[in-house]
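Notes follow the structure.
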Amino acid sequence: MIVTLTGTNAAEVQQAIAKARHHVGAASGLVFTLVVVAELSDYERAKEACAEAGREHPSRILLLTNGRARADRLDAEVQAGEGSPGEIIALKFHGVLQKHRESVVLPLLLPDLPVIVWWPGRSPRTPGLDPIGRLATRRITDAMGDPDPLAALEVRARNYCPGDTDLTWTRLTRWRGLMAAALDAYPMDVTRATVSAAPANAAGTLLAAWLSQRLDVPVTLERTDPAVGITGVVLGSGEDEIRITRTDGNLASFSAPGLSSRLVALPRRDVNTLLAEELRRLEDDPIYAEAMASVVRRIDRAVARGQVRAE
Amino acid sequence: MAGPSALVLFGVTGDLARKKLLPAVYDLANRGLLPPGFGLVGFARRDWAAEHFAELVAESVREHARTEFREDVWKQLQEGIRFVPGELNDNEAFAQLKQTLTDLDERQGTGGNHAFYLSVPPKAFDVAVAQLRRHGLADRPKGSWRRVVIEKPFGHDLDSARQLERKLAKAFSPSSIFRIDHYLGKETVQNLLAFRFANTMFEPIWNRTYIDHVQITMAEDIGIAGRAGYYDGIGAARDVIQNHLLQLVALTAMEEPTSFGADELSLEKRKVLSAARVPSDLDAHTARGQYATGWSGGVEVPGYLEEQGIPGDSRTDTFAAIRVDIDNRRWAGVPFYLRTGKRLPRRVTEVALNLRPAPHLPFDGTDVRALGTNALVLRIQPDEGITLRFGAKVPATPMELRDVNMDFGYGTSFAESSPEAYERLLLDVLLGSEPLFPQPAEVELSWQILDPVLDRWAERDTPPEPYPSGTWGPPSAVEMLARDGFSWRRP
């Protein structure tokens, strides 16, 4: 059931939700409220991701955009049922209401359940202090959704609050898993590491930072152009090397001392899948926090050496 | 079905009458619960003819009744509708009221049974009751009954409540005085009794061994909305905690009554209310606030002091929170936190029993960080139902745990819509059935609990702490729970 409301307020939206849910006849059983703060141009893509995430995690999804109407007005579209176990409530803010979005979001949060905010595109400088971000215990950003992913990652890293994560980190899950498994199977005292990635790829930066923090060795980050995402990682100790190379963003070849090259499926995953994975975790991630701290250290050191310009 | 009777509504032009009482009368008629001989008499300070009044009744019924409007039902009801114009101190008007009722008894066959519903400001109670007495309207001929219905607040402290009782007792016998606390007419509140005393699985955990603390919230998203004259000087604690919330405490915490008769039920409520008390350090365990300008649900709203008819230096509390402890074997050491307020983010009333944490968690520390404690939430309004919260494993993780909810919803489990509270209560008045009405002793005990808080607030001589409209109350409310190691849930 879809209910459309124009020039509305939180209480009316609440009633529409109750009505729609009653119409569908489902007991709620929802697990959290997901607030999605998107730009108008991103609306359709964000909505699709919401529907996908809603299938894995039955939830109330509040999709916030700023509209262009020349009035101080809130428009809403409430959707329950329609092939999704949860509810999707699209809220479009016009005029002065864009400054008071949290006043509409707060009454619509599900009782007691965790609140997660996701910014698919640009995100606030400090998500943890943002009026909407403050309502949540988990805040998900995506540096790759920003026009300048590397700068966005740095801003995220410098303004980290517990509960923040960036989808850049989720993109690394399989890489990290593969490397941890490799070192378990072929133990070596790693003395050097190299990460290669496409020029504006933030995941490469974060992977290098994570490796240098975990292994406590110098990690070189090479930019390969043209390339798709992360193209390879080499962990070395003397002559021995563990090498993962992925040139097509899909299938990787893996080699280790005494092991000839093997193929490993390491596909780049779309945002919908990444979000659904990230939503499995509702508490803060200390490993991510350490990796982000390492990003900051590496940038500061590079600035001190004069290799890059300070922001 | 009620017997032959007439209902006299004082203050029939008020909001309550238009939105709740008149529609409830119609809904009762539509459900076939009113007798053929039923009279409805409006009394107000308006120069109306009976027909004009009937039109207004029809209008409010069409707009607010729960059941559909049916011409035949309306015709039946219309025959018994009368109107008496006048002021409460106008003797002529009361003489006319008496004449109207005699006339109804003869023509409609209302049988000399009259219920007087005083939907008037508390300060007008005295005059109304005295006038009823003076004009012999409270005297019942043999074989008939006279009843009076009053709305909260029943006084503004223990003394004034007792005074009110004495005045009412002069005109009406104790069993013919009905004090309305409309919360007790709600299906979900009555279901609390079914939930507790018809089931086996909850009773074993319904005590201090398993329950950590209890939170009772009644939140409204609206402001005082034109009720300035009534609300200012009364405030949230007197308006809501004294009656609704302490009644909810009583029903949640009381022992099993031997039956659901009025005396048996009241006996248990009285027992638990006399064991209840507020902490001695009231500054640390109470909070009071007043809403300030802010954005509430996407609408900019004025603060309490800017509301029409409110003095700029008013110290009326629009938010109140208190801690209550119950000194008995079942509840010793389990704090009950009560809060109510206007201009909070959403309209909701809930009783939440929070259970103690598991004594030992054989899981990895990081796996249980998103895990809270078990809770049982009784949702009184809206979205009436019961939620049970417990931990479950998140799929596709090694052993990560998270809270999930198991829900019972009235709306989905029972297709029939619940009668409005006033429907049930008006019918009970006409039937003379008392269990859902608080007895005077309960009212007095509730004042005894609340009075020390009100006295302390008056003595402190500081204005209530402001909170922006559309938020969950002032910081002192948060601190009050933090001091005990808890936090308010988000209802």
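Proteins come first, then strands; the chains are lettered A, B, ... in the order of their sequence lines, and each starts at number 1.
The local environment of NZ in B/Lys393 is crowded, with over 12 non-hydrogen atoms from other residues, nucleotides or ligands closer than 6.0 Å. More than 12 heavy atoms of other residues, nucleotides or ligands shown are found within 6.0 angstrom of CZ on B/Phe69.
Atom CG in A/Leu110 sits 7.5 Å away from atom CZ in B/Arg490 (nearest 0.5 Å). Summarising the geometry, atom CZ belonging to B/Arg389 is positioned 8.0 Å from atom CG belonging to A/Leu113; distances are rounded to the nearest 0.5 Å. Here the CD atom belonging to A/Gln15 is positioned 12.0 Å from the CG atom belonging to B/Asp383, to the nearest 0.5 angstrom.
Contact annotation for A/Arg73: neither backbone nor side-chain heavy atoms come within less than 4.5 Å of a heavy atom of chain B. Using a 4.5 Å cut-off between heavy atoms, B/Arg489 touches chain A through backbone and side chain atoms alike. Heavy-atom distances place the backbone of A/Leu279, and not its side chain, under 4.5 Å from chain B. When heavy atoms are compared at a cutoff of 4.5 Å, B/Arg347 does not approach chain A at all. Heavy-atom distances place the side chain of A/Phe32, and not its backbone, under 4.5 Å from chain B. Contact annotation for A/Asp72: neither backbone nor side-chain heavy atoms come within less than 4.5 Å of a heavy atom of chain B.
Comparing A/Val31, A/Asp112, A/Asn9, A/Val105 by heavy-atom pairs within less than 4.5 Å of chain B, the highest count is held by A/Asp112.
Between A/Pro107 and B/Gly297, the shortest heavy-atom distance links the atoms CG-CA, 4.2 Å. The heavy-atom pair separating A/Ser103 from B/Gly298 by the smallest distance is OG-N, 2.9 Å. Across all non-hydrogen atoms, the minimal contact from B/Val394 to A/Arg280 is CG1-O, 4.1 Å.
Proximity of a side-chain donor or acceptor of B/Arg402 to a complementary backbone N or O of A/Leu282 within less than 3.5 Å is not detected.
None of A/Leu106, A/Val104, A/Leu97 except one satisfies the side chain to side chain contact (heavy atoms under 4.5 Å, CB included) rule with B/Trp295; the exception is A/Leu97.
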